[in-house]
Amino acid sequence: MSGSPLPPASAQVTAGSTPAQALHEPVLHWYDANARVLPWREPGAGAWAVMVSEFMLQQTPVNRVLPAYQVWLERWPKPVDLAAEPPGEAVRAWDRLGYPRRALRLHAAAQAIVERHGGEVPDDHNALLALPGVGTYTAAAIASFAFGQRHVVVDTNVRRVLARALTGVAQPTISPTAADQRLAVTALPADEPTAARWAVASMELGALVCTARTPRCGDCPIRSRCAWVLAGSPPYDGPPRRGQTYEGTDRQVRGRLLAVLRATTGAVPKKTLDACWHDKAQRERALDGLVADGLVEPLPRARYRLPS
DNA sequence: GATGCGTGGCA
DNA sequence: TTGCCAAGCAT
């Protein structure tokens, strides 16, 4: 870098002194008026409710999560309640949210919380990160949303908001990068309560206004400051974004097999599973994969069930 | 770092 | 109709 001196720290933290900091007030104000009412955001929801919602929301839209979330929290209001059940019950209750390994990990996380943290969801970021199924995003989200701590909470929504508002491009990179984290750090408010509000507000803006396909820029509180809008909203010009094929994949076969097992209490003959898919080799591979993942338990006499 | 992992709604 | 997309994680 050049030899130009940095401004004094006092100037750096002055509100609105950088493009990123200038976003805080309008986004927070917008959130106060436009936040969705969601059960895990209710005042008394608690950290377990936040944690369950975060697991379910990994790659699954809010509207599809809501019913399963309500059933889950009524049945297992505390981690110890879930930990006492067989993992197969978590897989069954996961219903059709997709990516059922998340159900297994949430169950394992509940057991770890009982064993290591006295049944209470830990408030420490590193302790959260050590739980099964909790990565960088989820640990920061729980610490921020449930405990009001100051963390960069970077999900696909936040990456998109910052890419547009600060970098001036239509879409963020396909995969999360260290640069995303660094950019988010520059946009993180200095004080803890404001940082926690910013985390949820910037995500909500990405979910409701700054959407991937048809952003509602006319409703956006930061459109006058958005680098992408100010550049004339240039179209995405990066590498093609890989579409996920589904028809005919092992994923589809796994989904069919598990759907049968979810709908059945007790053992299912292999013959019943065989009717799920015509291609024997693929069928066997999918079933073996489910067993290897711990989602299905093989029994004597060619029978299968959800894990006990 | 690339890949595998479900399911369904929508432009 | 059919790609694209949805609060990621583990390997």
Side-chain angles (χ1 to χ4, degrees), chain A residues 35-36 38-41 49-69 91 94-106 108-109 128-146 151-161 170-181 184 199-208 210-216 236 239-262 276 282 285-286 288-290 292-296:
Chain A
R36 288 170 292 183
L38 298 169
W40 47 86
R41 288 182 183 166
V50 172
M51 180 167 164
V52 170
S53 76
E54 289 304 332
F55 270 71
M56 291 185 169
L57 288 164
Q58 291 169 2
Q59 301 286 277
T60 303
V62 167
N63 284 341
R64 203 136 49 85
V65 161
L66 283 169
Y69 167 88
V91 175
W94 200 251
D95 199 31
R96 302 182 74 83
L97 292 180
Y99 292 149
R101 293 191 292 198
R102 291 181 291 166
L104 235 36
R105 291 171 185 153
L106 182 51
L128 288 164
L129 204 49
L131 297 173
V134 176
T136 306
Y137 161 77
T138 303
I142 295 171
S144 180
F145 302 161
H151 294 281
V152 285
V153 182
V154 183
D155 75 329
T156 188
N157 290 301
V158 172
R159 294 205 313 122
R160 189 173 53 248
V161 168
Q171 299 285 354
T173 55
I174 296 172
S175 298
T177 64
D180 296 332
Q181 292 288 324
V200 68
S202 55
M203 267 181 64
E204 190 79 337
L205 185 66
L208 297 184
C210 193
T211 55
R213 286 193 228 175
T214 312
R216 303 167 59 189
Y236 176 73
R241 306 173 87 79
R242 275 193 59 205
Q244 339 163 345
T245 55
Y246 183 63
E247 279 298 315
T249 62
D250 286 5
R251 283 189 203 183
Q252 184 180 23
V253 185
R254 288 167 56 108
R256 287 199 184 185
L257 295 171
L258 210 53
V260 171
L261 290 158
R262 272 200 314 265
C276 291
Q282 190 175 25
R285 186 170 66 242
D288 288 347
L290 288 170
D293 287 348
L295 285 161
V296 173

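Naming: A, B, ... by sequence-line order, numbering from 1 per chain.
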Looking at every strand, decide which applies to [X] at a 4.0 Å heavy-atom threshold: base, sugar-phosphate, or nothing.
X         : value
Trp94(A)  : nothing
Pro100(A) : sugar-phosphate
Tyr246(A) : base

I need the [atom1]-[atom2] distance between [X] and [N], as an integer number of Å.
X         : N      : atom1 : atom2 : value
Glu54(A)  : dG8(C) : CD    : C1'   : 10 Å
Asn63(A)  : dA6(C) : CG    : C1'   : 11 Å
Gln58(A)  : dG8(C) : CD    : C1'   : 5 Å
Leu258(A) : dG4(B) : CG    : P     : 20 Å
Tyr137(A) : dC9(C) : OH    : C1'   : 13 Å
Leu97(A)  : dG8(B) : CG    : P     : 10 Å
Arg105(A) : dC9(C) : CZ    : C1'   : 5 Å
Tyr99(A)  : dG6(B) : OH    : C1'   : 6 Å

### Task
Just compare dG4(B), dT7(B), dA7(C) and give me whichever is closest to any side-chain atom of Arg262(A).
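From the listed options, dT7(B) comes nearest.
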
### Query
Donor-acceptor pair under 3.5 Å: do we get one between Thr60(A)'s side chain and the base of dG6(B)?
yes

### Query
Which residue lies toward the 5' end of DNA chain C, Met203(A) or Val134(A), if each is placed at its nearest nucleotide?
Met203(A)

### Query
Toward the 5' end of DNA chain C, which comes first, Arg64(A) or Leu129(A), by nearest nucleotide?
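Comparing both residues, the 5'-ward one is Arg64(A).
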
### Task
With Arg241(A) as the cation and Tyr236(A) as the aromatic partner, state whether NZ or CZ is under 6.0 Å from the six-membered ring centre and within 45° of the axis.
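Yes.
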
### Task
Taking only Lys NZ, Arg NE, NH1 and NH2, and the carboxylate oxygens of Asp or Glu, determine whether Arg41(A) and Glu204(A) approach each other closer than 4.0 Å.
yes

### Task
For dG4(B) and dA7(C), measure between their P atoms and round to the nearest Å.
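Between the two P atoms, the distance is 23 Å.
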
